[in-house]
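The structure appears below as structure tokens.
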Amino acid sequence: MKHHHLAAPGTVYLIGAGPGAPELLTIKGASLLKSCDAVVYDHLASEELLELTPKHCRRIFAGKEAGHHSMPQEEINDCLIRLAGEGLGVVRLKGGDPFVFGRGSEEILALQRHNIPWEIIPGITSAVAVPELAGIPVTHRKMSRSFHVITGHTLKGLRDEQELAVYAKLEGTLVFLMGFHSLSVITQGLIQGGKRPSTPAAVIENGSLPQQRVLRATLETLAGEAERQGFHTPAIIIVGETAAFDLTSDKKTPFADTGALDGLTAGLIGTGHFIKKLEAALHREGARAETLLCMEVLSEEGKQFMGPFYRRLQEYTWLVLTSVNGVELFFQGLFEAGLDLRSLGHMKFAVIGAATGEALMARGIRADQMPKEYCCAHLAASLRKVLIPGKDRVLMARAQGASRDLNHMLDTAGISYDDVPLYTVKGRPELKMHQRAAGCDTLIFASPSGVEEFQKAGGFQLSHLHLTAIGPVTAAAVQKAAQRPADLVSSSYHIPGLIAALKEAKGRG
Ligand code: SAH
């Protein structure tokens, strides 16, 4: 068997990432990921797979969850064409299989129009694997002689009754993808079309992942139960006799190797990137994670603010970047302005912590200043030692409303600077945030801005929640918003430190 497939320059590889669990990627997909220069990925593809990519690899996020806007298809196509045109080996990573409701074929047509070489690497589709891992076979001898994979995305109104009536006549198993938001339309339509109300039916949320949930019911009760139990996307709907099967093995949480946090449910408030990482770490310890509020990065306005500064880079001696998002957006803007790394050659770089430093390194630049502790005050302190008043001029490109610690330090030290709001962070509470928060053993706040947004969404109105804050700055924000100190504060801003603190607290109580 040939194990090594190297991504060729200028080629786009459409790779199916499988249903979610990272180990369900093909061997060929893995070796291409290990050797690519850029990866354009969707939200359904596991974040852990990105860890396979080499350090220099550009990681570009192309899609958010259903219902929230994502990069339009045209833009994704253009992005692939541009990256391949730069001579990079490009991976387009898609959840499941690229040709199953993945718009993979559209991307290939666009690549063909631009004469860009491409290759497709199939993936395990969620349509089969998600029910399978939940113990539901899509076919079974004499019971279900076929299965039908249907998009529920457009099934919203009355005009779809006819379409559902056609599906209602099919004898095989019905598998609906992207149908969760139309669940009651689908089940009612099928019943009206003639399917028995007592037909077994199931919803599977986060299939193949440690946080997978399965709901078994009948066609008649499924939508009500899913609502009552707070099911959410990504989810698959199965209708047919085999939906009553439960062929699950005993080994239900393949990730829980230590289980030190078994039984703990944590509610997470932070950026999508951070939440995904923290979620994976919690799962490894056997804990459950619920996203309560996800911070969204808005950069349109910031692009306009930043525009003129790219033309004046020569005036600055230092560039300060304080987040992975900041690094990504800064470079995106730089390239869009028609510039490249050479226009930064004269500058020194300061970053806020290790993750930001790594993001910078991924773009070929080593940070000159990186405080050991991730926080603005430490960054200010370390910068203060090296900046020379009257000589240095600092450009800060970061989130709007970021900590003023840096500004105060620069003001007092008499160093001139510009502080450009490169992006805005906005909180997006999950559906039924309060209800979900009430079911958590602790809420974990990853940043002061997350605390603020949670407060705006009325989260702190719930009493007797157990609150965990990452680092002293976030802890101070919690104290202010909740009007009481956080129950647990991890001294470290890193995930391993937080996990250790949670374990210790669990051991105590
Ligand atoms: N190309 C993908 C499907 C893309 S459509 C594939 O072959 O699997 C996206 C839909 O797939 C979601 O709306 C959801 O219905 C389903 N889906 C994908 N991964 C899932 C998962 N892990 N658990 C439940 N549903 C999933």
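Everything numeric here is computed off the predicted structure, so don't read it as measured data. Atoms within each ligand, like the ligands themselves, are counted from 1 in listed order.
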Charged N to carboxylate O below 4.0 Å: is that the case for Lys426 and Glu453? no

N/O donor-acceptor pairs under 3.5 Å from side chains in residues 78-104, not counting sequence neighbours:
unit_1	atom_1	unit_2	atom_2	d
Glu86	OE1	Arg58	NH2	2.7
Arg92	NE	Glu107	OE1	2.9
Arg92	NE	Glu107	OE2	3.3
Arg92	NH1	Val40	O	3.2
Arg92	NH1	Asp42	OD1	3.4
Arg92	NH2	Asp42	OD1	3.4
Arg92	NH2	Glu107	OE2	3.2
Lys94	NZ	Gly102	O	2.5
Lys94	NZ	Glu107	OE2	3.2
Asp97	OD1	Gly123	N	3.1
Asp97	OD2	Phe99	N	2.8
Arg103	NE	Glu106	OE1	3.2
Arg103	NE	Glu106	OE2	3.1
Arg103	NH2	Glu106	OE1	2.9

Considering Pro122, Ala235, Gly96, which one's heavy-atom position lies nearest to atom 14 (C) of ligand 1? Ala235

Below the 3.5 angstrom mark, is there an N/O of Gly207, backbone or side chain, next to an N/O of ligand 1? yes

Check whether any heavy atom of Gly20 sits under 4.0 Å from an atom of ligand 1. no

Has ligand 1 got any nitrogen or oxygen that is less than 3.5 angstrom from a nitrogen or oxygen of Phe176? no

Contacts of Thr11 meeting side chain to side chain donor-acceptor pair (under 3.5 Å) (sequence neighbours excluded), chain-then-number -> none

Check: His148 ring centre within less than 6.0 Å of Tyr167 ring centre: no

For ligand 1, is there an N or O atom under 3.5 Å from any N or O atom of Glu205? no

Cation over ring, Arg59 on Tyr41, under 6.0 Å and within 45°? no

Does ligand 1 come near enough to Met178 that some N or O of the ligand is less than 3.5 Å from an N or O of the residue? yes

Element-labelled atoms of ligand 1 that are located less than 4.0 Å from some non-hydrogen atom of Pro19: 19 (N), 21 (C), 22 (N)

Ignoring hydrogens and angles, state whether a donor on the side chain of Asp441 or His466 is under 3.5 Å from an acceptor on the partner side chain. no

Using a heavy-atom cut-off of under 4.0 Å, does the side chain or the backbone of Val130 touch ligand 1, or both, or neither? side chain

Once you restrict to heavy atoms under 4.0 Å, what part of Thr151 touches ligand 1? Side chain, backbone, both or neither. neither

Any idea which part of Ile204 is under 4.0 Å from ligand 1, heavy-atom wise: side chain, backbone, both or neither? backbone

Any N/O pair Phe101/ligand 1 closer than 3.5 Å: no

Report the distance from atom CZ of Arg213 to atom CD of Gln229, rounding to the nearest 0.5 Å. 6.5 Å

May I ask you to decide if the ring planes of Phe454 and Phe445 are parallel, tilted or perpendicular, using 30° and 60° as cut-offs? perpendicular

Select one of side chain, backbone, both or neither to describe which atoms of Ser126 lie under 4.0 Å from any atom of ligand 1, heavy atoms only. both

Report yes or no: does Ser208 contribute a side-chain atom to a donor-acceptor pair with the main-chain N or O of Ala21 at less than 3.5 Å? yes

When you compare ligand 1 with Val100, is there at least one nitrogen or oxygen pair between them that comes in under 3.5 angstrom? yes

